[in-house]
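Because only heavy atoms are used, hydrogens play no part in the values below, and waters and symmetry mates are left out as well, while side chains stay in. Labels below follow one simple rule: chain letters A, B, ... track the order of the sequence lines, proteins then strands, and each chain is numbered from 1.
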Amino acid sequence: MWLTLHSPLAVCQGRQLDLRVESSTKSVASEKPAPIRGPENFMQHLSDQEIQRRHKLEELEKLGVEAYPSELFDVTFYAKEILDNYHPELNNFQEVSMAGRLMSQRVMGKASFAELMDTSGRIQLYVNRDEICPGEDKTLYNNVFKKLLDLGDFIGVKGHVFVTQMGETTVHVTELKLLAKALRPLPVVKEKMDEATGQKVTYDAFTDPEQRYRQRYVDLAVNPQVRDTFVKRTQLVQSMRNFLNDKGYLEVETPILQPLYGGAAARPFKTHHNTLDMTLYLRIANELYLKRLIVGGFDGVYEFSKDFRNEGMSRFHNPEFTQMELYVAYKDYNWMMDLVEEMVERVAMTLHGHTEIQVGANVINFQRPWQRLTMFEAIEKYTGKAIGDMDEAALRATAHELHVKLDPSMGKAKIIDEIFGEHVEPRLIQPTFITDYPVEMSPLAKKHRDRPGLVERFEAICNGKEICNAFSELNDPIDQRQRFEEQLELGKRGDTEAMVLDEDFLRALEYGMPPTAGLGIGIDRLSMIMTNSNSIQDVLFFPQMKPEKLD
RNA sequence: GAUUCUGUAGCUCAGCUGGUAGAGCAGUACACUUUUAAUGUACGGGUCCUGGGUUCGAAUCCCAGCGGGAUCACCA
């Protein structure tokens, strides 16, 4: 059957518009759904289930049941509270009012079982015809509940809690109200306890990654573990925020639209301000602004910062991502390592109650202290090569021996980085601080106090991936200017990610910045580890996707 | 960007060597007052991603395109 439908807007707002269902199938092949009225001239093919639900909407209206009532529905308890705390001998929860989606319905004549899902979880409902319809009129049960409600509809119920013969804590419903009708069917995911293994078996899970990411609302509605991941992400952020606030640091906000992008090596998104007629960039980092605040006299500032990088996407990269950057005056990178350990250990405890976390096939233990290795020590440990004193030619030969691919444009620092990335990083599963990087790769870090050619920088590596990056911040304005100049040279040679010179930032440094330790920690990557997620898309509500074709 | 896999009913998937589509759940109808993947009986539901091509005939083979996944490259 072809269904012809006016625009969704028209359907929602004016149910008096009839839904025409043409019963003559295929008899007139050329007959197409009539064009839809409305601003977009939008057409839509509806499935039979969607048509049925729209008809039910009309039926409800005829019965005087509002499908989308305005007034509030008073919720007094959540499912989880009841399941955790109900005791038959206490006879508690004898007056409850709950709301949520109807997720399953098992009608057995004059009585039914159903499942209600609220924000805390699912609970079973028992609906008895003669109790929700005490009088002669059994419409509410026979028509509304049994026929006109669908899985996915929001309902409110009042009743009392009891335990069924099967031992299931259940709400015995005495009042039932439709709160919002769902016009599209939700995927139905079913679970069963496997007697043999004691494991929950899931049937017909909603698993297609494309649909899960594009329609996250469905994913969340139907896959409870997805919700849990995002709750953990929020707890992670809150735990870090509490930790930093307890230390007296100030949470701040700095510009997302920046006239110059800086603080990292990356290609930016570019936009335009009409009134000022100027180019602006979405920030790739907020480092240079936070340092200006240190110049201004704040001793500790931090920001959870959405940053934007116009680069490739992968399971570790999304064009917009979140970092927490922290700058603390009068400290150095050794001090910052202690802080990172303490903070991340605290996060693990907050989320899991212990420091050992299953990530893929590995168990990662965040308990302090973490291993600390200089970059040269790490390379020696994993390759047997002591490269600390090598010149470029020797490094090149060593890289060759180690089967690390190089190209001629690479300098010393890049070669070292390649060796590290190839042979060391993937093997660092337990949290490890790698310290003391070559100066060429770190234009904003302070020169090492006693090792020429290196800077006071560390990264924490975990599960084979960088999770943070920190320095003793460069506060010598002359040195900083030189480093920027070197970046400009790289830029001229075609490095699209070289930093640009920020004259105002240099001016700030010239007024004097105290010695400062700085940190950037990747919230998405840390969330991936803390929630055992394999892809960044699993810790972002709405990961970037190519536009969907809606025709 | 490269390689590779993939796109069939609302969801999860079958559909061999080409003969215009099947299952389970979901839906509809009937029965059933403590079930739980409820059950029983019956019924409906598909632009087989899109566009070309080969063929008497394409979900199936070929080409191109558009989505998506994985791996690699890029990304300190």
Side-chain angles (χ1 to χ4, degrees), chain A residues 1-3 25-26 29 32 45-53 55-56 103-115 122 124-131 141 146-147 150-152 162-168 170 172 182-194 200-214 218 222 264-267 284 309-317 319 321 375 405 413-414 416-418 420-421 425 434 437-438 440-445 455 457 459 466 469 495-499 520 534-535 537 545-549 551:
Chain A
M1 279 191 291
W2 281 112
L3 171 102
T25 36
K26 294 175 192 165
K32 291 206 172 124
H45 290 272
L46 298 181
S47 67
D48 60 333
Q49 296 198 44
E50 290 173 291
I51 297 165
Q52 280 163 358
R53 286 179 183 227
H55 283 312
K56 289 178 181 183
M103 293 305 276
S104 83
Q105 241 181 330
R106 294 183 289 276
V107 177
M108 275 153 296
K110 299 180 186 67
S112 298
F113 288 92
E115 269 183 292
R122 292 189 182 207
Q124 180 168 268
L125 306 178
Y126 174 73
V127 182
N128 184 303
R129 186 193 70 183
D130 296 329
E131 293 185 61
Y141 183 79
K146 274 169 69 174
K147 304 206 167 167
D150 286 299
L151 302 190
F162 76 112
V163 176
T164 64
Q165 288 173 8
M166 304 302 287
E168 179 97 9
T170 301
H172 191 132
L183 292 182
R184 287 176 187 258
L186 225 41
V188 177
V189 182
K190 294 202 169 184
E191 284 182 340
K192 185 194 180 185
M193 267 306 188
D194 190 316
K200 255 190 195 170
V201 190
T202 303
Y203 296 83
D204 300 333
F206 180 64
T207 51
D208 178 3
E210 178 174 4
Q211 296 203 68
R212 287 188 46 224
Y213 300 145
R214 285 198 196 281
V218 175
V222 138
R267 277 143 64 196
I284 58 173
R309 297 189 183 173
N310 205 341
E311 289 171 346
M313 291 164 63
S314 76
R315 73 189 182 93
F316 291 104
H317 299 87
F321 65 103
M375 181 164 255
K405 276 181 236 152
K414 190 69 187 159
I416 293 169
D417 189 47
E418 287 293 321
F420 181 81
E425 195 174 37
I434 300 298
Y437 286 65
E440 296 89 332
M441 299 161 59
S442 315
L444 301 168
V455 289
R457 168 178 175 182
E459 290 188 0
E466 170 197 349
N469 184 19
D495 183 345
T496 50
E497 294 177 348
M499 290 188 193
N534 195 43
S535 164
Q537 296 175 110
M545 304 279 279
K546 285 197 187 176
E548 189 178 10
K549 247 192 352 192
D551 47 11

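Spacing of C1' atoms, B:U8 relative to B:U54, comes out at 23 Å, to the nearest Å. For B:A21 and B:G46, the P atoms lie 13 Å apart once the distance is rounded to whole Å. Look at the P atom in both B:C75 and B:C62: the space between them is 37 Å, to the nearest Å. For the C1' atom pair drawn from B:G10 and B:G44, the interatomic distance equals 14 Å after rounding to whole Å. Here the separation of B:U55 from B:U60, taken at their C1' atoms, is 13 Å to the nearest Å. Between the C1' atoms of B:U47 and B:G51, the separation comes to 13 Å (whole Å). Atom name P, nucleotides B:G22 and B:C16: the rounded distance is 13 Å, in whole Å. B:A58 and B:G18 have their C1' atoms separated by 6 Å, given to the nearest Å.
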Using the 3.5 Å cut-off, write out each protein N or O paired with an N or O of nucleotides 4-9 of chain B and the distance between them.
none

Would you tabulate the pairs of protein nitrogen or oxygen atoms and nucleotide nitrogen or oxygen atoms of nucleotides 72-76 of chain B closer than 3.5 angstrom?
residue	atom	partner	partner atom	Å
B:C75	O3'	A:E497	OE1	2.8
B:C75	O3'	A:E497	OE2	3.4
B:C75	O2'	A:E311	OE1	2.5
B:C75	O2	A:H317	NE2	2.1
B:A76	OP1	A:A265	O	3.1
B:A76	OP2	A:E497	OE1	2.9
B:A76	O2'	A:E459	OE2	3.2
B:A76	N7	A:M441	O	2.3
B:A76	N7	A:R457	NH1	3.3
B:A76	N1	A:A265	N	2.8

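In this structure, NZ of A:K146 is placed 11 Å from C1' of B:U33, rounded to the nearest angstrom. Computed from coordinates, the A:M166 CE to B:U33 P distance equals 18 Å when rounded to whole Å. Atoms CD (A:Q165) and P (B:U36) sit 11 Å apart, rounded to a whole Å. The distance from atom NE2 of A:H55 to atom P of B:U28 is 12 Å, rounded to the nearest whole Å. Taking atom CG of A:N128 as the reference point, atom P of B:U35 lies 14 Å away to the nearest angstrom. Rounding to whole angstrom units, CD of residue A:E210 and P of B:U12 are separated by 11 Å. Atom CG of A:L46 and atom P of B:U47 are 12 Å apart (whole Å). Atom CZ in A:R214 sits roughly 13 Å away from atom C1' in B:G69 (whole-Å rounding).
Residues A:E466 and A:E425 meet the side-chain proximity criterion, which asks for heavy atoms closer than 4.5 Å. Using a 4.5 Å cut-off on side-chain heavy atoms (C-beta onward), A:T164 and A:Q124 make contact. Contact of the A:D150 side chain with the A:Q49 side chain is not registered, since no non-hydrogen atoms from C-beta on lie closer than 4.5 Å. Under the 4.5 Å side-chain criterion, counting only non-hydrogen atoms from C-beta, A:P438 is in contact with A:M375.
Base pairing annotation: B:U54 forms no Watson-Crick or G-U wobble pair, as no partner gives both donor-acceptor distances under 3.5 Å. The partner of B:G40, taking Watson-Crick or G-U wobble pairs whose two distances both stay under 3.5 Å, is B:C30. Remark: B:A21 base-pairs with no nucleotide in the shown strands. Criterion, Watson-Crick or G-U wobble with two distances under 3.5 Å. Checking B:U47 for Watson-Crick or G-U wobble geometry (two distances, each under 3.5 Å) identifies no partner in any strand. Figure legend. B:G1 is base-paired to B:C72; pairs are counted as Watson-Crick or G-U wobble with both atom distances under 3.5 Å. Here B:G67 sits opposite B:U6 as a Watson-Crick or G-U wobble pair (both hydrogen-bonding atom distances under 3.5 Å).
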Inset, instruction - Would you mind building the protein contact string for nucleotides 20-27 of chain B? One character per nucleotide, 5' to 3', B for base within reach (heavy atoms under 4.0 Å), S for sugar-phosphate only, - for untouched. - result: ----BSBS
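In terms of polar N and O atoms assigned as donor or acceptor, the side chain of A:Q124 comes within less than 3.5 Å of the base of B:U35 in a complementary pairing. For a distance-only test at 3.5 Å, the side chain of A:T207 fails to qualify as a donor-acceptor partner of the base of B:U12.
At B:G68, none of the side-chain N or O atoms of A:Q211 fall inside 4.0 Å of OP1 or OP2 (strictly under the cut-off). Put simply, A:R106 has no side-chain N or O that comes within less than 4.0 Å of OP1 or OP2 on B:U35.
Among the nucleotides B:U12, B:U36, B:U33, the one closest to any side-chain atom of A:Y126 is B:U33. When distances are taken from the side chain of A:F162 to each of B:U12, B:U34, B:G68, the shortest belongs to B:U34.
Within the nucleic acid shown, A:E115 has no heavy atom closer than 4.0 Å to any nucleic acid atom. A:S112 comes within 4.0 angstrom of nothing in the nucleic acid, heavy atoms only. When heavy atoms are screened at a 4.0 angstrom cut-off, A:V107 is found touching base atoms of the nucleic acid.
Residues A:E115 and A:R106 come closest through the heavy atom pair OE1-NH1, 4.3 Å. For the residue pair A:E50 and A:P185, the shortest heavy atom distance occurs at CG-CD, 4.0 Å. Minimum heavy-atom separation, A:K146 to A:G109: NZ-O, 3.9 Å. For the pair A:P443 and A:M499, the tightest heavy-atom approach, listed with the atom from each and the gap, is CG-CE, 3.6 Å.
A donor-acceptor distance shorter than 3.5 angstrom exists from the side chain of A:Y141 to the backbone of A:A111, with no hydrogens or angles considered. Between the side chain of A:R309 and the main chain of A:I284, a donor-acceptor pair closer than 3.5 Å is present. Side chain of A:R53 to backbone of A:A182: a donor-acceptor contact under 3.5 angstrom is found. Between the A:E440 side chain and the A:K414 main chain, no donor and acceptor come within less than 3.5 Å of each other.
Once rounded to the nearest 0.5 Å, the distance linking CZ of A:R212 with CD of A:Q537 reads 9.5 Å. Atom CD in A:E210 sits 11.0 Å away from atom NZ in A:K546 (nearest 0.5 Å).
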